Visitor: 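The structure is given below, and queries will be raised subsequently.
Below, all heavy atoms of this structure are taken into account, side chains as well, without hydrogens, waters or symmetry copies. As the structure is a prediction and not an experimental result, all values here were calculated from the model.
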Amino acid sequence: MRTSKTAGNDRPSGNPAPTRRRLLQGAVAGAAWAGAPLVRAQGAWPNKPIRMIVGYTPGGFTDNMARAIGEPLSRALGQQVLFDYKPGANSIIGTDLMVKAPADGYTITTVIAAHSANPSLYPRLPFDWQQDITPVAMTGIAPLILVANAQFPVNNLKEMVEYVRSRPNQFNFGSSGNGAAAHLAMEAFKQQYGLKMQHIPYKGTQPALTDLIGGQIQLLFDVPLAMAPHVKAGKIKSLGMSSEKRLPAYPDYPTFNESGVPFIGNTWSMVLASSRTPREIILRLNAEINKILATPEVRAKLESTGVVPGGGTVEETVAFLAAEVARNARVVKEAGIKLEG
């Protein structure tokens, strides 16, 4: 498979609005969870460290979300959560390792929104996303910000849509890689507003940002934590936040809806386990993660970086993932995106 011009491929997709309860409702729970065994794990679980596979390089959104949950989870379970970085292939490598590990609750993984695009992007996945995997818990949703090169002659979203629509195929937009949430968010936005631009995939956010500042690309979607310092420094300009409402950490950034150009786009983070994992372990993990997400310390930490804390039942998480897979399938088909692998 190919990650195109992208290294950690820490992917920020036009998603449903980031209100937790709305995000976690509306689809039918998948067969994988329905068939999860009720057999108890050998001995009292957990009685040894738990391996948390992270499908991207350290330091990005996925790693930050894994640690936000994994470190307090160690304290809650009385066993260390060990982070194992297996980057590559839109998190397919790490997810496959989790699927092939013993289904005893000692190997889990954290994925982001790109995971829900993989069934449409890659025709030969080494696992069945429905039969082999059980979503455990949604941990957070991060709305994306649309930024532009400082010299790009538009100052708001309405101007941008009119300017780009009247000049088809004259501009480039970047992303942290093919299949990244940021890539699919822009594809969904283009489809919604009839825009034609060229996609330039990069090996991560940083090289895309470098070329945005340099003028090689004109537009970029990504998480606000990575973009806001450069907006403040005047190196790039903000056009809008693709969230339902303004984020507490970024109160001065208007939303697309406020600007008269309605659109919701975000990435998210989720913990997965093998579908063969005993059900009581899945329920325990879900319960502990929900408790962690409800603590003032963790909520404040996530919200300070522009992340809306997640939560919800296993069934709601399964439903959310199924809805995301279906939505991304439509975006990928309409955009004609084809990747090797």
Side-chain angles (χ1 to χ4, degrees), residues 4-14 60-61 142-243 246-247 249-267 305-306 335 337:
S4 226
K5 224 175 152 186
T6 95
N9 282 339
D10 212 339
R11 328 276 208 197
S13 86
F61 174 71
L144 305 177
I145 186 173
L146 181 61
V147 291
N149 171 266
Q151 280 71 52
F152 198 50
V154 302
N155 294 304
N156 57 58
L157 283 166
K158 282 190 172 181
E159 288 180 3
M160 187 275 285
V161 168
E162 293 171 3
Y163 191 74
V164 173
R165 186 188 286 148
S166 65
R167 296 164 177 80
N169 297 314
Q170 292 187 28
F171 306 113
N172 300 322
F173 73 93
S175 79
S176 56
N178 277 319
H183 173 203
L184 298 183
M186 184 62 90
E187 294 293 354
F189 186 74
K190 286 168 54 186
Q191 292 166 18
Q192 185 169 328
Y193 288 99
L195 309 181
K196 294 183 179 180
M197 294 183 285
Q198 303 299 320
H199 174 226
I200 309 297
Y202 289 84
K203 292 184 177 179
T205 295
Q206 188 55 50
L209 176 60
T210 298
D211 273 8
L212 180 72
I213 293 171
Q216 285 75 34
I217 59 175
Q218 287 73 48
L219 296 164
L220 177 67
F221 259 125
D222 215 284
V223 291
L225 183 64
M227 301 294 110
H230 303 281
V231 173
K232 186 175 181 179
K235 295 180 180 179
I236 56 178
K237 63 176 75 172
S238 167
L239 297 180
M241 193 79 73
S242 57
S243 53
R246 295 197 188 198
L247 300 179
Y250 303 97
D252 298 329
Y253 289 71
T255 68
F256 278 53
N257 292 350
E258 287 180 79
S259 302
V261 185
F263 182 76
I264 300 296
N266 49 63
T267 188
T305 64
I337 303 169

Visitor: Please answer whether the main-chain N or O of Asn155 pairs with a side-chain N or O of Glu159 as donor and acceptor at a distance below 3.5 Å.
Guide: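 Yes; at least one donor-acceptor contact below 3.5 Å.
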
Visitor: Within the 4.5 Å heavy-atom criterion, are Pro143 and Leu247 side-chain neighbours or not?
Guide: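 A side-chain contact under 4.5 Å exists here.
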
Visitor: Quick check against the 3.5 Å criterion: does Ser242 have a side-chain atom that pairs as donor or acceptor with the backbone of Gly265?
Guide: yes

Visitor: Nearest 0.5 Å please: distance from the CZ atom of Phe61 over to the CG atom of Leu225.
Guide: 10.0 Å

Visitor: Any donor-acceptor pair under 3.5 Å linking the side chain of Lys237 with the backbone of Val154?
Guide: yes

Visitor: Keeping the roles fixed (side chain from Gln218, backbone from Gln170), state whether a donor-acceptor pair exists under 3.5 Å.
Guide: no

Visitor: Minimum heavy-atom separation for Pro224 to Pro229, with atom names?
Guide: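 In this case the closest contact between Pro224 and Pro229 is O-CD, 4.4 Å.
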
Visitor: Any cation-pi pair here, Arg167 with Tyr163, using under 6.0 Å and within 45°?
Guide: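 So Arg167 does make the cation-pi contact.
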
Visitor: Taking the side chain as C-beta and beyond, is there a heavy-atom pair between His183 and His199 under 4.5 Å?
Guide: yes

Visitor: Can you see whether Asp222 engages Thr205 through a side-chain donor-acceptor pair at a distance of less than 3.5 angstrom?
Guide: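 There is such a pair between these side chains.
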
Visitor: I need the Ser166 OG to Leu195 CG distance, nearest 0.5 Å.
Guide: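 CG of Leu195 is found 10.0 Å from OG of Ser166.
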
Visitor: Going by heavy atoms in the side chains, are Leu219 and Phe171 under 4.5 Å from each other?
Guide: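 The answer is no, as the side chains (C-beta and beyond) never meet within the 4.5 Å cut-off.
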
Visitor: So, do Arg246 and Glu258 sit near enough that their side-chain heavy atoms are less than 4.5 Å apart?
Guide: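 Sidechains of Glu258 and Arg246: in contact.
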
Visitor: Is there a side-chain contact between Asn156 and Leu239 in this structure, where contact means two heavy atoms from C-beta onward sitting under 4.5 Å apart?
Guide: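 No. Closest side-chain heavy atoms not under 4.5 Å.
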
Visitor: Would you compute the distance between atom NE2 of His230 and atom OG of Ser238 and round it to the nearest 0.5 angstrom?
Guide: 13.5 Å

Visitor: Rounded to the nearest 0.5 Å, what's the gap from CD on Glu187 to CD1 on Ile337? Could you check?
Guide: 4.5 Å

Visitor: Once you round to the nearest 0.5 Å, how far does CG of Asp211 lie from CG of Leu220?
Guide: 10.0 Å

Visitor: Any luck finding a side-chain donor-acceptor pair between Gln216 and Asn172 under 3.5 Å?
Guide: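 No, no side-chain donor-acceptor pair sits under 3.5 Å.
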
Visitor: Between Lys196 and Lys190, what is the shortest heavy-atom contact and its length?
Guide: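 The answer is CA-CE, 4.5 Å.
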
Visitor: Check whether any side-chain heavy atom of Met186 lies under 4.5 Å from a side-chain heavy atom of Met197, and answer yes or no.
Guide: yes

Visitor: Aromatic contact between Phe221 and Phe173, with the criterion being ring centroids under 6.0 Å apart: yes or no?
Guide: no

Visitor: Any heavy-atom pair between the side chains of Ile145 and Val223 that's under 4.5 Å?
Guide: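 Not touching, per the 4.5 Å side-chain cut-off.
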
Visitor: Are any of the side-chain heavy atoms of Tyr193 and Arg165 separated by less than 4.5 Å?
Guide: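 The answer is yes; the side chains approach within 4.5 Å.
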
Visitor: How close do Leu209 and Ala226 get, heavy atom to heavy atom, and via which atoms?
Guide: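 Looking at all heavy atoms of both residues, the shortest contact is CD2-O, 4.3 Å.
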
Visitor: Might you work through the side-chain contact (heavy atoms from CB on, under 4.5 Å) test for Phe263 and Leu146, ending with a clear yes or no?
Guide: CA-CA 11 Å; Phe263 182 76; Leu146 181 61; over 6 Å; no

Visitor: Please give me the minimum heavy-atom distance between Ile213 and Asn149, naming the atom from each residue.
Guide: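 It is O-ND2, 3.4 Å.
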
Visitor: Can you tell me how far apart CE (Met241) and CZ (Phe256) are? Round to the nearest 0.5 Å.
Guide: 9.5 Å

Visitor: Check step by step if side-chain contact (heavy atoms from CB on, under 4.5 Å) holds for Ile236 and Met227.
Guide: CA-CA 8 Å; Ile236 56 178; Met227 301 294 110; 4.2 Å; yes

Visitor: Go through the steps for Val161 and Lys158 under the test side-chain contact (heavy atoms from CB on, under 4.5 Å), then give the verdict.
Guide: CA-CA 5 Å; Val161 168; Lys158 282 190 172 181; 6.0 Å; no

Visitor: Which pair of heavy atoms, one from Ser259 and one from Pro254, lies closest together, and at what distance?
Guide: OG-CB, 4.2 Å

